[in-house]
Amino acid sequence: LATVSFYNYFGAVQKRTVGDTTATEDALTGYNFVPDGVGALVRYNSIEKNTPSNYRQRIYGDDDAMPRASTAEPMTSISMPVFGYVHGENHDGCLGIVEEGREFCNIVSDHATQNIPFYKTYPEFVYREVYSQPTNSTGGTIALLQENVNELNASVTYKFLEGEDASYVGMAKTYRDYLKSKSMIHNTERNYTQIPLRVDTIGSEVTNGVMFDKRIMMTTFEEYADMLESLSVEHGINNVVGVYKGYTKDGVTWTSPDYDNIYKKMGSLDEFGSLYNIYFHTDHVYASANQSGYNQSKDLTKGVNTQIITVGEGDSTKYVTTPAFTKEKIAKDTRKLAKKGVKSFALDSIGNVLHSNYGEDETTRSQTIAAYQEALAQVEGNVALYQPNDYLLQYTDRNFDYSMYTNQYLIFDDTVPFTSIVQSGSIELYSTYINFFGNVREDLLRMIDYNVYPSFLLTKESSAKLDETALQYIYCSQYDNLEEAVNVYYNFVNESLKEVTGQSIENREIVADGVSKVTYSNGKVIYVNYTNFDQTVDGVQVPKKGHKVI
């Protein structure tokens, strides 16, 4: 037994051909919903696509302990175990929720082809899968079938939707209500006069020198505090959330998994008036090859092929720690940092990396979820997570490095903010670093459309000092060079989103080509115009490449 799929043709729609008079307009406006990244739609249309016939991705991403022959990895993964169909927008729809067995489940979406002319989306539960087993030291491998079956109880709930709920917005709101009923997310009562700005910084980084390790100082506590004061005094930006990285003697790259000390050259935490919104970065899921403090035979995760799971290379080489070790280290290090005065923790990787362990302490993906939930439940202080999967949303109210995109597969017709709608009113979403945006104006508009707050990586010293380190990809971070850009970009987003802080998204429509209309629970409406010309919609003038709130 390899896989079991349920109701493959439930909700399936036959492909219409051009000129088919039996096809109604409502049928042609329907689509299948796939939870890839932020959310994607596969529309029912008569256009023949030169594209692979299906989409298949594992909920919560692939298991690193089950190595694949292919090294290609998706940019984003599925963070919510859902899928759906709409048969005529605002007419009929259905949301499927994978309740049990989701960590062993694929979401499959087939595009209509000549041979099988149906659009269909369904869950596929994996009991055994094929993995890659090395055969020699030169890279040779063979494909083997997993011997022991995955233990899971497959369970899917279907919620039927009609009227205004028969849309991806209705699906998102339905899933949001489902999570609230399970106490997996909670309403917030934050009502800011201005939106938060996330300002991360790097304290120090370490690299190999000729004879001794070389430590590079980028930003001390005092220098970071001065940046935040400058933003407040010079630009009136007072609502700042920050993440401090590289505060130990081993810098950003080499510290993992030991975060229990603060490098004395960073200075004193007394430099900050309040530490409530200053998060100290940790990543206990990985262990640096340059670090000690772990037992290679006991504390590191092994794959089904008995090899230690390794990511990165050179100075960036890291191993995956076992769930038990991760849980223990989070408890130990957060307690030690709390005694030094730290009140908030940004826990990296634990939110979006899910693996099993075939080592001494054998662990399934289900048991890993339970271990991570227990680990976060015992942290005393504020917790922020990076792109968390739904099973950890209850432990945070801030989602860092939120992705506003999908994997851009050719099968997709539209990108939609499904996960934004689900988390709105409960969890604050923060973008990846605007420093590195390729199309800044377009991405700023998308942030306003999806209710995402801006983020920057700022350092006192020039990023040129990082050229010979594992952080050489950071090509622009010096505060003196970015100060004005931070002010301009922040105020552009703040102009509209300050009116809806703490509110939930209740509707989103495309009201004209390139113009979206987002309605919030407090009655405010935000129009976003992605086009290169001014547009008037609902009697509201929306400037080109701009936005308007009413």
Side-chain angles (χ1 to χ4, degrees), residues 190-205 216-248 251-252 262-282 337-338 340-346 381-382 384 397-398 400-401 428 430-437 440 444 447 452-466 471 474 476-495 497-498 501:
R190 290 174 174 167
N191 187 20
Y192 306 124
T193 56
Q194 57 178 219
I195 64 172
L197 168 67
R198 175 177 154 220
V199 176
D200 292 8
T201 196
I202 294 172
S204 69
E205 177 62 327
I216 300 167
M217 296 296 297
M218 295 295 293
T219 314
T220 65
F221 289 157
E222 181 180 7
E223 290 166 343
Y224 184 48
D226 288 344
M227 284 184 210
L228 304 186
E229 184 178 4
S230 173
L231 290 172
S232 175
V233 174
E234 301 296 331
H235 305 289
I237 303 175
N238 299 309
N239 191 0
V240 176
V241 172
V243 178
Y244 204 102
K245 300 181 178 181
Y247 50 86
T248 71
V252 176
I262 295 176
Y263 187 38
K264 61 181 180 181
K265 289 189 176 181
M266 290 294 105
S268 170
L269 290 177
D270 294 337
E271 298 291 346
F272 306 106
S274 171
L275 282 169
Y276 182 81
N277 283 334
I278 306 299
Y279 290 78
F280 278 62
H281 177 269
T282 72
L337 289 173
K340 299 177 187 296
V342 176
K343 302 182 185 300
S344 302
F345 306 93
N382 305 308
D397 54 12
R398 286 182 167 135
F400 290 162
D401 289 357
E428 295 177 355
Y430 292 82
S431 72
T432 55
Y433 297 135
I434 296 178
N435 314 38
F436 313 127
F437 279 6
V440 176
L444 291 176
M447 288 167 59
V452 178
Y453 297 145
S455 302
F456 282 89
L457 175 65
L458 303 176
T459 58
K460 173 63 177 176
E461 300 296 331
S462 169
S463 57
K465 297 182 68 173
L466 299 172
L471 301 180
I474 299 174
C476 180
S477 65
Q478 192 169 24
Y479 176 71
D480 290 344
N481 296 331
L482 290 171
E483 180 180 357
E484 188 56 34
V486 172
N487 181 48
V488 171
Y489 297 158
Y490 170 81
N491 282 300
F492 182 80
V493 178
N494 182 59
E495 185 180 349
L497 291 189
K498 69 180 180 181
T501 59

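Counting begins at 1 with the first residue of the sequence.
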*Between Lys498 and Ile195, which heavy-atom pair has the shortest distance, and what is it?*
N-CG2, 3.5 Å
*Show your working on side-chain contact (heavy atoms from CB on, under 4.5 Å) between Leu482 and Cys476 and close with a plain yes or no.*
CA-CA 8 Å; Leu482 290 171; Cys476 180; 3.6 Å; yes
*Which residues share a side chain to side chain contact (heavy atoms under 4.5 Å, CB included) with Ser232, sequence neighbours left out*: Asn238
_Could you check whether any side-chain N or O of Thr219 sits under 3.5 Å from a backbone N or O of Lys460, counting only pairs where one atom can act as donor and the other as acceptor?_
yes
*Tell me, please, which residues at least two apart from Thr220 pass side chain to side chain contact (heavy atoms under 4.5 Å, CB included).*
Met217, Glu222, Glu223
*With sequence neighbours excluded, what pairs up with Asn491 under the side chain to side chain donor-acceptor pair (under 3.5 Å) test?*
Asn487
*asked:* Looking at Pro454, is its backbone amide N or carbonyl O close enough to the side chain of Ser431 to form a donor-acceptor pair, meaning the two atoms are under 3.5 Å apart?
replied: no
*Name the one of Val252, Thr459, Leu471 that satisfies side-chain contact (heavy atoms from CB on, under 4.5 Å) with Met218?*
Thr459
*Taking only residues two or more places apart in sequence, or in another chain, which ones meet Phe456 in a ring-ring contact (aromatic ring centres under 6.0 Å, His included)?*
none
*Main-chain N/O of Asn494 paired to Gln194 side chain as donor or acceptor, under 3.5 Å*: no
_Separation between OH of Tyr433 and CG of Asp200, rounded to the nearest 0.5 Å_ = 3.5 Å
*salt bridge (Lys or Arg N to Asp or Glu O under 4.0 Å) against Arg398, all qualifying residues, sequence neighbours excluded*: Glu428
*Got more than 12 heavy atoms from elsewhere within 6.0 Å of NZ, Lys465?*
yes
_Ser462: partners by side chain to side chain contact (heavy atoms under 4.5 Å, CB included), with sequence neighbours left out_ = Ala464, Gln478
*asked:* Taking ring-ring contact (aromatic ring centres under 6.0 Å, His included) as the definition, give me every residue that meets it alongside Tyr224, ordered by chain and number, with sequence neighbours left out.
replied: Tyr244, Phe272
*Verdict with supporting geometry, Glu229 and Glu234, side-chain contact (heavy atoms from CB on, under 4.5 Å)*: CA-CA 8 Å; Glu229 184 178 4; Glu234 301 296 331; over 6 Å; no
*Option among Tyr490, Tyr430, Phe400 that satisfies the ring-ring contact (aromatic ring centres under 6.0 Å, His included) test with Tyr453*: Tyr430
*List in chain and number order the residues that pass ring-ring contact (aromatic ring centres under 6.0 Å, His included) with Tyr247, two or more places apart in sequence or in another chain; answer none if no residue qualifies.*
Phe280
*Considering non-hydrogen atoms only, spot the tightest contact between Ile474 and Leu457 and give its length.*
CD1-CD2, 3.6 Å
*asked:* Using 0.5 Å steps for rounding, measure from the CE atom of Met266 to the CZ atom of Phe221.
replied: 7.0 Å
*Atom of Asn382, atom of Ser344 and distance for their closest heavy-atom approach*: ND2-OG, 2.9 Å
*With Tyr192, which residues qualify under ring-ring contact (aromatic ring centres under 6.0 Å, His included), at least two apart?*
none
*Determine yes or no for a side-chain-to-main-chain donor-acceptor pair under 3.5 angstrom, with Glu205 supplying the side chain and Ile216 the backbone.*
no
*What are the two closest heavy atoms between Leu269 and Lys340, and how far apart are they?*
CD1-O, 3.3 Å
*Establish, from distance only, whether the side-chain atoms of Ser230 and Tyr479 form a donor-acceptor pair under 3.5 Å.*
yes
*Counterpart residues, side chain to side chain donor-acceptor pair (under 3.5 Å), relative to Thr501 (two or more places apart)*: none
*Of all the heavy-atom pairs spanning Ser455 and Asn435, show the shortest one and how long it is.*
O-OD1, 4.5 Å
*Does the side chain of Ile278 come within less than 4.5 Å of Leu228's, by heavy atoms?*
yes
*Starting at CD1 of Ile262, measure out to OG of Ser268 and round the result to the nearest 0.5 Å.*
9.0 Å
*Using side chain to side chain donor-acceptor pair (under 3.5 Å) as the criterion, list what pairs up with Thr432, not counting sequence neighbours.*
none
*Can you see which heavy atom on Ala225 is nearest to which on Glu271, and at what distance?*
CB-O, 3.7 Å
_Working to the nearest 0.5 angstrom, can you tell me the gap between Ile434 CD1 and Leu197 CG?_
8.0 Å
*Partners of Glu461 by side chain to side chain donor-acceptor pair (under 3.5 Å), sequence neighbours excluded?*
none
*Heavy-atom distance under 4.5 Å between the side chains of Leu458 and Thr201, does that happen here?*
no
